[in-house]
Q: 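Let me give you the structure first, and then I'll get to my questions.
Predicted, not measured: the structure shown is a model, and the values here were computed from it. Quick note: residue numbers are just sequence positions, from 1. Read the numbers this way: they start at 1 and go in the same order the structure lists the ligands and their atoms.
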Amino acid sequence: MNVLAIESSCDDTCAAVVQGDGQVLANVISSQGVHSRFGGVVPEIASRHHLELIDLVVLQALAEAGLSLDDIGLVAATRGPGLVGALLVGFSYAKGLAAAHRLAFAPVDHLQGHVAANFLRTEQGQFEPPFICLIASGGHTLIAHVREREGFEVLGRTLDDAAGEAFDKGARMLGLGYPGGAALERLAAGGDPAAFDFPAGGARPRAGMGVGRIEFARSLDFSFAGLKTALLYRVRELSESELATLAPDLAASYQAAIVDSLIARCEQALKVTGLERLAVGGGVAANGELRRRLASMGATVHVPAPILCTDNAAMIASAARFCSALAYPAYLPLDVYATGESAA
Ligand code: KG4
Ligand code: ZN
């Protein structure tokens with residue numbers, strides 16, 4: 001069975017066609033590229049662009065797959081979390097398309113999608129549960145215990161900024177553009193990661209934690225607010241010329257602090273679950289320092305291709321294969337959700 005999926009939770013308009021066995025037939029991503037001048041994604045602008053692009057992106061996905069709607073057995077779309085206006089465009093379009101053709105429809109959680117990117121058939125092979133999954137992007141950061149393909153348990157999540165957001169805000173303070181993760185990494189390459197001792201705060205695990213269920217879960221939460229403030233104060237203390245000289249050291253130390261906290265949480269999650277398998281998703285998975293540290297952890301690490309790590313619809317189609325789809329017209333009243341899972 002072929003799945004046609006749509007993802008529009010942020011600023012990328014995405015459509016993909018995936019076979020029931022996880023083979024990706026098409027994975028189209030239209031990045032809007034209009035938000036950088038504002039230093040972040042502007043929700044209303046993102047929604048309007050989704051409206052303009054969605055039809056073309058879906059048609060292109062079908063064309064690339066060499067299929068028509070008659071060949072599609074299931075339509076899927078991201079239901080949340082994300083920007084409500086952006087989600088609404090893709091979700092409503094997908095429901096309408098499914099309804100018009102009397103097809104079944106699968107509402108998919110965006111984070112479940114990131115996890116399910118690992119189940120796709122790719123050059124790196126499929127990665128099967130059980131494993132720990134780190135999802136670190138501009139919008140979310142969490143550690144999940146993936147026991148089966150149908151769901152996951154959150155072991156820890158960010159209490160404030162996402163890891164990618166921390167990279168972006170750091171990059172902004174250092175005068176780099178948006179999104180700034182990759183630029184900050186390039187700047188950091190010429191710097192000393194030990195030059196500045198940025199605070200561990202809540203962002204790195206404290207000794208003695210990890211005893212008992214609740215303590216354990218809380219010890220795996222992330223916080224990047226203290227780190228961000230520390231960089232801000234450092235930058236404010238410096239003159240323009242000092243900042244120009246020290247920017248690589250600041251970037252390297254800041255990056256090291258983010259990567260340290262991600263790695264520490266992964267190590268803890270593996271230890272407490274007794275697993276030795278780790279998957280990584282989200283835009284921050286592109287970070288070379290994170291990849292180097294992951295590779296030296298001693299666990300089996302699976303990082304999907306970059307195009308499957310960042311937001312895409314193939315991962316949504318992949319997740320849809322394992323969730324209970326709704327027959328027409330049961331899905332028509334469904335609405336999107338901005339945060340958390342909707343009860344409706
Ligand atoms: O998954 P993604 O494309 O979109 C969201 O769902 O947010 O992630 C984008 C995030 C941005 O915050 C970006 O700065 C970050 O991933 N990012 C990086 C790198 N490349 C992208 N962060 C650190 N190092 C990189 N090389
Ligand atoms: Zn995402």
Q: Between Phe224 and Phe198 (judged by ring centroids, cut-off 6.0 Å), do the two rings come close enough to count as a pair?
A: no
Q: Quick one: look up the protein heavy atom nearest atom 9 (C) of ligand 1 and list residue, atom name and how far away it is.
A: Gly138 N, 3.8 Å
Q: Can you sort out which atoms of ligand 1 are near Thr310, meaning under 4.0 Å from one of its heavy atoms?
A: 1 (O), 3 (O)
Q: Going by the angle between their ring planes, with limits at 30° and 60°, are Phe105 and Tyr331 parallel, tilted or perpendicular?
A: tilted
Q: Between Asn312 (side chain only) and Ala314 (backbone N and O only), is there a donor and an acceptor less than 3.5 Å apart?
A: yes
Q: Considering only non-hydrogen protein atoms, determine which one is nearest to atom 14 (O) of ligand 1 and report residue, atom name and distance to 0.1 Å.
A: Asp168 OD1, 2.5 Å
Q: Judging by distance only, is a nitrogen or oxygen of Phe167 under 3.5 angstrom from one on ligand 1?
A: no
Q: With respect to the Zn ion (ligand 2), what is the nearest N, O or S atom of Asp311?
A: OD1
Q: Looking only at protein heavy atoms, which one is nearest to atom 19 (C) of ligand 1, and how far off is it?
A: Ala182 N, 3.6 Å
Q: Which residue and non-hydrogen atom of the protein lie closest to atom 6 (O) of ligand 1, and at what distance in Å?
A: Asp311 OD2, 2.9 Å
Q: Which residue and atom name correspond to the protein heavy atom nearest atom 24 (N) of ligand 1, and how close is it?
A: Asn287 ND2, 3.0 Å
Q: What protein heavy atom sits nearest atom 26 (N) of ligand 1, and how far off is it?
A: Glu185 OE1, 2.7 Å
Q: Less than 4.0 angstrom from a charged side-chain N to a carboxylate O is my criterion; do Arg48 and Glu52 meet it?
A: no
Q: Between Arg234 and Phe196, is NZ or CZ placed under 6.0 angstrom from the six-membered ring centre and within 45° of the ring axis?
A: no
Q: Are any side-chain N or O atoms of Glu185 and backbone N or O atoms of Gly288, one a donor and one an acceptor, separated by less than 3.5 Å?
A: yes
Q: Report, rounded to 10°, the angle at the Zn ion (ligand 2) between the two atoms NE2 (His114) and NE2 (His110).
A: 90°
Q: Is it true that a side-chain atom of Arg277 and a backbone atom of Glu128 form a donor plus acceptor pair closer than 3.5 Å?
A: yes
Q: Quick one: which ligand 1 atoms are inside 4.0 Å of a heavy atom on Gly164?
A: 12 (O)
Q: To check your reading of the model: name the closest protein heavy atom to atom 18 (C) of ligand 1, its residue, and the distance in Å.
A: Gly181 CA, 3.6 Å
Q: For ligand 1, find out whether one of its N or O atoms is nearer than 3.5 Å to an N or O atom of Gly282.
A: no
Q: Under a 3.5 Å distance rule, please check whether Thr158 uses its side chain to pair with a backbone N or O of Thr141 as donor and acceptor.
A: no
Q: For atom 17 (N) of ligand 1, what is the nearest protein heavy atom, given as residue, atom name and distance?
A: Gly283 O, 3.7 Å
